[in-house]
Amino acid sequence: MPRARATSPRECPRCRGTVRPSAASKRESRKSSPTCAVSTPPPASPKTEEAMLDVQLLRADLAAVAARLATRGFALDTATFEALERERKDIQVRTQDLQARRNSLSKQIGQAKARGENAEALLAEVSGTGDETKRLEAELANVQAKLADFLLELPNLPQQSVPLGKSEHDNLEVRRWGAPRTFGFAPCDHVEIGERLGGLDFAKASKLSGARFALMRGGVAGLHRALAQFMLDTHTREHGYTECYTPYLVNAATLTGTGQLPKFAGDLFHVTKGEYAEDEEAGHKYYLIPTAEVSLTNLVRDEILAPERLPLRLTAHTPCFRSEAGSYGKDTRGMIRQHQFDKVELVQIVRPEDSHAALEELTGHAEAILRRLELPYRVLALCTGDIGFGSAKTYDLEVWLPGQNAYREISSCSNCEAFQARRMQARMRNAQGKTELVHTLNGSGLAVGRTLVAVLENYQRADGAVDVPEVLRPYMGGVGELRPA
RNA sequence: GGAGAGGUGGCAGAGUGGUCGAAUGUACCUGACUCGAAAUCAGGCGUAGGCAUACGUCUACCGUGGGUUCGAAUCCCACCCUCUCCGCCA
């Protein structure tokens with residue numbers, strides 16, 4: 001690495017937008033009806049939310065931002081921000097004054113020379129300022145990089161309808177669908193079922209790669225493929241999504257746009273081109289996508305969209321690669337938590353005023369898959385302490401797993417509002433002709449591996465066979481059951 | 001892997017050191033003409049940011065990052081990307 005450059009990701013959160021003090025948020029009552037009272041959009045205009053984490057808002061009402069970030073367990077370092085801002089302002093004003101003076105004098109020199117006049121006096125006046133200008137410019141770049149780094153580490157602000165809480169235990173169940181089946185025998189978990197079918201082999205996978213990989217064979221592999229096909233077909237034909245095939249290797253700017261970088265580099269896998277060393281220039285480095293949300297959402301990076309093109313509804317079936325750092329010992333059995341798994345992802349790019357409704361809609365699209373597969377599930381509104389880094393509001397779908405006697409996450413649907421759009425500079429032209437950040441949403445529709453687990457466990461029979469769900473049979477050449485080998 | 005060409009505003013396309021943030025065309029917006037439209041004419045029309053209550057003003061941006069210079073789209077270096085031809089390859 002020839003020169004050590006300050007780590008400044010290509011994107012920096014340049015921000016604009018209306019500044020509105022956030023009203024004190026009152027948590028919605030929890031005793032409300034089993035369906036989603038909590039999902040009612042807050043009365044405040046979406047504009048309020050859109051401005052969130054805009055540096056303008058931090059300048060205008062730092063205390064309010066800190067208070068709302070605190071609800072999700074993030075301690076905003078207000079002193080550091082204020083100090084950086086003070087420094088930035090001072091240096092920026094001085095730098096720009098100096099640049100303006102230099103530009104003006106240089107222009108005069110040009111004009112003088114064009115007229116054939118002597119410009120010595122002007123030259124003498126400007127020549128001494130060069131070093132000072134360079135010094136200030138460097139200083140400014142430095143403080144702005146620090147500020148950008150600071151802002152890139154800030155998580156999104158939760159919507160006011162998000163239940164307050166510290167951890168996953170405080171998530172709010174919004175609704176349930178279907179009833180767990182009662183078995184006339186002790187249900188097995190998918191590892192046992194899969195091995196009996198000769199279709200799941202974790203020993204072979206670990207020989208090839210190591211822990212947290214799976215090998216599927218025969219009918220189980222076919223069922224896995226059928227699930228992905230069924231999901232894609234449903235979303236494209238019935239929910240209005242456009243199917244995409246995307247790169248699985250992406251660059252750092254792309255991952256910064258959706259929020260995985262710089263903060264979560266440890267959760268990712270990366271690769272380099274054969275001849276380049278690990279730590280070569282960033283340009284040679286690729287990251288394996290942890291979800292197709294990354295590639296799909298970044299399609300609008302650095303774009304200004306015509307509003308009539310919105311909403312964009314995109315879907316893709318891709319493998320996802322996650323290092324699962326920090327989850328040692330968690331879900332080590334079976335294929336619940338893998339380094340590589342397939343997912344059909346749903347992404348929507350919408351106008352700011354539409355994103356609340358779009359989250360409900362998108363969550364419904366993911367639910368439709370579970371319903372068609374007749375898998376019992378429940379919907380959780382994640383609490384402030386449990387929502388993801390870039391999310392303003394998230395619903396998790398949890399499917400019933402008889403083998404674990406528990407509901408387990410199978411989809412996560414989030415409204416990121418302008419958070420990713422600001423990082424990506426993804427905008428639209430509004431009615432006033434001004435650029436305005438779009439809102440982005442994403443959700444699994446669904447995680448294919450976990451859906452396979454759910455099918456195996458919910459459709460298992462006492463004789464060790466597994467019934468194929470009705471809707472998948474056309475994808476399985478009419479096969480109605482998988483039998484033990 | 002080898003050889004060559006190129007990256008400028010929504011698009012096309014000028015611009016090889018100085019009133020260039022950028023000609024011209026086209027698209028788009030406004031106005032005039034018209035019953036209306038077309039055509040024509042006039043004007044406007046990039047993005048981000050700073051300062052200012054505001055009128056406004058300043059800064060940055062011509063693939064990216066450095067460098068030379070009073071001054072860089074223009075000169076130098078590195079990198080990225082695109083295209084063409086040859087080779088190899090699913």
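Per chain, numbering begins at 1; letters A, B, ... match sequence-line order.
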Over all strands shown, is [X] touching base, sugar-phosphate only, or nothing at heavy-atom distances under 4.0 angstrom?
X: A:Gln99; answer: sugar-phosphate
X: A:Ala114; answer: nothing
X: A:Asn103; answer: sugar-phosphate

Salt bridge between A:Lys89 and A:Glu85, side-chain N to carboxylate O under 4.0 Å? no

Pairing of A:Glu303 and A:Arg309 as salt bridge, 4.0 angstrom limit: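 Not counted as a salt bridge, because no side-chain N and carboxylate O are separated by less than 4.0 Å.
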
Rounding to an integer number of Å, can you tell me how far A:Gln425 CD sits from B:rG46 P?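 The distance from CD of A:Gln425 to P of B:rG46 comes to 17 Å, rounded to the nearest Å.
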
What's the CG-C1' distance between A:Asn251 and B:rU64, to the nearest Å? 12 Å

What's the closest nucleotide to the side chain of A:Lys134 if the choices are B:rC51, B:rU59, B:rU68?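 Closest nucleotide among those given: B:rU68.
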
Select one nucleotide: of B:rU47, B:rC81, B:rG50, the one nearest the side-chain heavy atoms of A:Arg429.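 Of B:rU47, B:rC81, B:rG50, B:rU47 is nearest to the side chain of A:Arg429.
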
Can you tell me the Watson-Crick or wobble partner of [N], both distances under 3.5 angstrom?
N: B:rC51; answer: B:rG56
N: B:rC79; answer: B:rG63
N: B:rC35; answer: none
N: B:rC85; answer: B:rG2
N: B:rG10; answer: B:rU26

For residues A:Phe389 and A:Phe419, establish whether the separation of their ring centroids is below 6.0 Å.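 Distance test on ring centres: under 6.0 Å, yes.
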
Please evaluate the base of B:rG18 for a donor-acceptor partner in the side chain of A:Lys107 within a cut-off of under 3.5 Å? no

A:Glu125 vs A:Gln108, test: side-chain hydrogen bond (donor to acceptor under 3.5 Å, both in side chains). Steps then yes/no. CA-CA 11 Å; A:Glu125 190 179 347; A:Gln108 289 175 46; over 6 Å; no

